[in-house]
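What follows is a set of notes on a single structure, which appears directly below.
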There are 2 protein chains.
Amino acid sequence: MKRTLETIDYHEDTEEMAMFAKALGHPTRIAILRHLEKSCSCFTGEIVDIFPLAQSTISQHLKELKNAGLIKGELNPPKVKYCIDNDNWNKAKSLFCDFFDINERNTSCSV
Amino acid sequence: MKRTLETIDYHEDTEEMAMFAKALGHPTRIAILRHLEKSCSCFTGEIVDIFPLAQSTISQHLKELKNAGLIKGELNPPKVKYCIDNDNWNKAKSLFCDFFDINERNTSCSV
DNA sequence: AATATTTATCGTATATTTGCGATGAACAAA
DNA sequence: TTTGTTCATCGCAAATATACGATAAATATT
């Protein structure tokens with residue numbers, strides 16, 4: 001990716017939003033998140049069973065969602081229970097709201 | 001990217017949202033869009049001048065934003081004037097709102 | 001201790017993305 | 001007609017992403 005010039009410094013919000021968007025930039029990851037939104041939390045195995053993809057592939061997607069901060073995994077050996085990371089989820093929500101000029105109210109479903 | 005199984009069919013919303021998110025998944029493209037949100041429309045050259053990137057690189061980013069439908073370019077030879085594509089912008093807005101469970105009201109700034 | 005279950009990680013192959021310079025196309029100005 | 005301006009596209013290189021099977025780690029069960 002050759003960059004002769006120094007790396008660009010964007011505003012923190014810009015960098016952060018791009019990071020979240022990148023994590024959301026794959027249909028499998030959107031689908032995983034939708035599932036976690038509904039079921040609140042579930043084990044890797046349940047997610048694997050939803051998709052016609054290898055277990056290692058799903059694990060990879062979960063890792064990326066975790067790296068972006070959108071989900072977190074709770075150890076429950078030998079299982080791992082995943083759920084939405086609400087703090088970062090709300091952060092992402094705010095960033096997208098600002099970006100799209102949305103009047104953000106009633107941001108949470110019933111809290 | 002070896003895929004032995006048939007390609008997965010996701011819900012249309014899921015596919016579409018992933019496509020928009022992917023386009024938003026780079027800080028330069030976020031910054032370009034923020035600029036277009038402010039200035040309403042501008043020529044390629046003006047955008048090129050903002051970033052320490054080659055003209056061809058910016059052109060590439062503009063192409064991706066155009067392919068995703070988020071912007072459109074109006075020929076104004078030899079210049080090209082870019083602006084937000086409001087229809088698709090609103091579509092993207094809705095998808096993200098649904099996804100993040102946002103009560104979408106007052107979606108436009110003053111229309 | 002041996003086996004089964006669950007999940008992450010490694011190694012690999014291929015595709016896509018990101019960046020650049022060079023070139024070409026389209027038009028305006030001289 | 002020649003020259004300059006503006007922008008997209010081509011061709012290339014390097015990095016990253018996506019997918020898979022195989023394997024390892026961690027624990028429960030037998």
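So you know, we letter chains A, B, ... as the sequences are listed, proteins then strands, and number each from 1.
In terms of the ring pair (Phe, Tyr, Trp, His ring centres under 6.0 Å) criterion, residue partners of Phe96(B) (sequence neighbours excluded) are, by chain and number, Phe96(A), Phe100(A). With sequence neighbours left out, the side-chain contact (heavy atoms from CB on, under 4.5 Å) criterion links Glu74(B) to Lys81(B). Scored by the side-chain contact (heavy atoms from CB on, under 4.5 Å) test, Asp49(A) finds no partners at all (sequence neighbours excluded). Partners of Thr14(B) according to the side chain to side chain donor-acceptor pair (under 3.5 Å) rule, which considers only residues two or more places apart in sequence or in another chain, are Arg34(A). Qualifying side-chain contact (heavy atoms from CB on, under 4.5 Å) partners for Lys63(A), counting only residues two or more places apart in sequence or in other chains: Asn67(A).
Rounded to whole Å, the distance from NZ on Lys81(B) to C1' on dT5(D) is 18 Å. Rounded to whole Å, the distance from CG on Leu53(B) to P on dG21(C) is 11 Å. The nearest whole Å value for the distance from the CG atom in Leu62(B) to the P atom in dT6(D) is 16 Å.
Checked by distance alone, Gln60(B) brings no side-chain donor or acceptor within 3.5 Å of a matching partner on the base of dA8(D).
Each of Ser39(A), Ser41(A), Cys42(A) was evaluated against Cys83(A); a single residue qualifies, Ser41(A), per the side chain to side chain contact (heavy atoms under 4.5 Å, CB included) test.
Between dA17(D) and His61(A), no contact under 4.0 Å exists linking OP1 or OP2 to a side-chain N or O. Between Tyr82(B) and dT6(D), a side-chain N or O to OP1/OP2 separation shorter than 4.0 Å is absent. Between Thr57(B) and dG19(C), a side-chain N or O to OP1/OP2 separation shorter than 4.0 Å is absent.
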Decide side chain to side chain contact (heavy atoms under 4.5 Å, CB included) for Phe43(B) and Val48(B); before the verdict, give the C-alpha distance in whole Å, the side-chain angles of both, and the deciding distance to 0.1 Å. CA-CA 9 Å; Phe43(B) 299 111; Val48(B) 170; over 6 Å; no
Would Phe99(B) and Leu24(A) count as a side chain to side chain contact (heavy atoms under 4.5 Å, CB included) if you check the C-alpha gap in whole Å, the side-chain angles of each, and the deciding distance to 0.1 Å? CA-CA 11 Å; Phe99(B) 184 76; Leu24(A) 297 175; 4.0 Å; yes
After noting the C-alpha distance and the side-chain angles of Phe51(B) and Ile47(B), does the key distance pass the side chain to side chain contact (heavy atoms under 4.5 Å, CB included) rule? CA-CA 7 Å; Phe51(B) 302 95; Ile47(B) 301 171; 4.0 Å; yes
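For DNA chain D, the neighbouring residues in residues 30-49 of chain B, judged by any heavy atom under 4.0 Å, are Phe43(B), Thr44(B), Gly45(B). Contacts between residues 17-29 of chain B and DNA chain C, counted as heavy-atom distances below 4.0 Å, involve Lys22(B), His26(B), Arg29(B). Near DNA chain C, defined here as any heavy-atom distance below 4.0 Å, the residues from residues 64-79 of chain A are Pro78(A), Lys79(A), listed numerically.
Relative to the side chain of Val80(B), the nucleotides dG19(C), dT9(C), dC7(D) differ in distance, and dC7(D) lies closest. The listed nucleotides are dT9(D), dA19(D), dA22(D); the one nearest the side chain of Lys63(B) is dT9(D).
Hydrophobic clustering (side-chain heavy atoms under 4.5 Å, transitive across Ile, Leu, Val, Met, Phe, Trp, Tyr) groups Leu70(A) together with Ile84(A).
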Give every donor-acceptor pair under 3.5 Å between a side-chain atom in residues 54-62 of chain B and any protein atom, sequence neighbours left out.
from, atom 1, to, atom 2, distance (Å)
His61(B), ND1, Arg29(B), NH1, 2.9

Tabulate below the donor-acceptor pairs under 3.5 Å that side-chain atoms of residues 15-22 of chain A make, not counting sequence neighbours, or state none.
none

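For His11(A) (side chain) and Asp13(A) (main-chain N/O), no donor-acceptor pair under 3.5 Å exists by modelled atom type.
Across all strands, Phe51(B) comes closer than 4.0 Å to no nucleic acid atom at all (heavy-atom distances).
How far CG of Leu95(A) is from CD of Glu12(A): 9.5 Å, rounded to the nearest 0.5 Å.
Residues Ser56(A) and Ile58(B) both approach DNA chain C. Their nearest nucleotides, taken by heavy-atom distance, put Ser56(A) toward the 5′ side.
Each end of the helix from dA1(C)-dT30(D) to dA30(C)-dT1(D) yields a helix axis from five base pairs, and these two axes differ in direction by 10° (to the nearest 10 degrees).
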